[in-house]
Amino acid sequence: MTVLVTGATAGFGLAIAKKFAADGAKVIGTGRRASRLEDLAKELGSEFLPLTFDVGKRAEAEHALSTLPPEFSDVDVLVNNAGGALGLDMAQTANLDDWDAMIASNISGLVYCTRLLLPGMIERKRGHIINLGSIAGEFPYPGGNVYGAAKAFVHQFSNNLRADLLGTGLRVTDVAPGLSGGTEFSQVRFKGDEKKAAAVYEGTQPLTAEDIADAVHWVATRPAHVNINVVQMMPTCQAYGPLAVKRG
Ligand code: 8X3
């Protein structure tokens, strides 16, 4: 099995790359930080291919994915993991650069990698697109604006891919985690403010990157006739809240 994981430099992507490698898969790990990918290559050996590019930049994605060496070119599983949140400001004050960057990584990067790898999967009559969504794509919260909307896109794009790919043998899954710790997610969202980032997880036992990797590996290893459409995950300490009402 050959697995391509975007955003393999940290967090979910790193754990997913390691999980598949431990199971004997050939793994292509992508990311913007070449040194992190080189460290992973040292750890995982010749069955790992580091591929440094920014998924949100179409020309970079096109170049990188068209130059895969033959021993890694038959990608069976694409894990569209790259992405994340930037800022938690209300829509009226949010930074448009943050919005652009979130749209580029969470939406553009995901559709570029999918579109570029689909023809080969169709030709080989096998393939699995696993997209990292989020509970933020279903449940709105203040400041979630573009991040949540981007993850709603991931969910519906996954559904629509299923519709397009009917009869091809290809599978599509949306893995949508909730509160997850031990990753760079909150440090990135709060731009390095460690105090704010730590407060998100205070007094909780969040999901871990390994929990997500476990779910991704599970959906990819079901028998070929089984398509897991959606995996929505939360830590046990997280649940739904009431709708907000403004009084007075
Ligand atoms: C991460 C989950 O609730 O922090 O996608 O947006 S949340």
Side-chain angles (χ1 to χ4, degrees), residues 5-16 31 55-56 79-91 93-95 98-111 113 129-159 172-216 219 228-244:
V5 185
T6 67
T9 49
F12 295 172
L14 180 60
I16 293 164
V55 289
V79 184
N80 278 312
N81 161 75
L86 278 173
L88 195 61
D89 303 294
M90 299 302 109
T93 53
N95 182 328
D98 287 349
W99 283 12
D100 277 343
M102 283 192 281
I103 291 165
S105 62
N106 293 288
I107 298 181
S108 301
L110 183 140
V111 303
C113 293
I129 311 286
I130 303 177
N131 294 324
L132 264 294
S134 168
I135 59 160
E138 185 168 357
F139 306 107
Y141 57 80
N145 42 65
V146 167
Y147 177 67
K151 292 302 190 180
F153 177 98
V154 171
H155 178 70
Q156 194 59 14
F157 184 61
S158 305
N159 289 342
V172 185
T173 305
D174 170 23
V175 175
L179 186 72
S180 305
T183 75
E184 296 176 334
F185 180 84
S186 290
Q187 278 95 334
V188 172
R189 166 167 262 174
F190 297 116
K191 301 173 182 170
D193 187 329
E194 297 290 339
K195 238 173 115 176
K196 272 192 190 169
V200 174
Y201 309 102
E202 221 169 87
T204 74
Q205 186 177 356
L207 297 172
T208 65
E210 287 70 32
D211 294 327
I212 309 318
D214 208 29
V216 170
V219 301
I228 305 296
N229 293 339
V230 183
V231 177
Q232 189 189 81
M233 309 167 66
M234 286 184 193
T236 310
C237 66
Q238 185 175 38
Y240 314 106
L243 289 173

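In listed order, ligands and their atoms are each counted from 1.
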Margin query: Under the rule for side chain to side chain contact (heavy atoms under 4.5 Å, CB included), what residues qualify as partners of Glu138, not counting sequence neighbours?
Written below: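 Testing Glu138 for side chain to side chain contact (heavy atoms under 4.5 Å, CB included), a comparison that skips the adjacent residues, returns Gln232.
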
Tabulated below should be the N or O atoms of ligand 1 paired with protein N or O atoms at under 3.5 Å; can you produce that?
residue  : atom  : partner : partner atom : Å
ligand 1 : 5 (O) : Ser134  : OG           : 2.6
ligand 1 : 5 (O) : Tyr147  : OH           : 2.6
ligand 1 : 6 (O) : Tyr141  : OH           : 2.6

Item checked: Neighbour count >12 (heavy atoms, 6.0 Å) for atom CD, Gln156 ->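 Yes, CD of Gln156 has more than 12 neighbouring heavy atoms, counting only those of other groups under 6.0 Å.
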
Next item on the list: Tell me, yes or no, whether the heavy-atom count around Lys191 atom NZ, taken from other residues, nucleotides or ligands under 6.0 Å, exceeds 12.
Entry: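 Yes, NZ of Lys191 has more than 12 neighbouring heavy atoms, counting only those of other groups under 6.0 Å.
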
Notebook entry, point to check: Hey, does the side chain of Thr9 reach the backbone of Gly7 with a donor-acceptor pair shorter than 3.5 angstrom?
Noted result: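 Looks like no, no N/O pair under 3.5 Å.
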
Notebook entry, point to check: Which residues satisfy the side-chain hydrogen bond (donor to acceptor under 3.5 Å, both in side chains) test with Ser158, sequence neighbours excluded?
Noted result: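 side-chain hydrogen bond (donor to acceptor under 3.5 Å, both in side chains) list for Ser158, sorted by chain: Asn131.
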
Next item on the list: Tell me, please, which residues at least two apart from Tyr141 pass ring-ring contact (aromatic ring centres under 6.0 Å, His included).
Entry: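 Expected list: none.
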
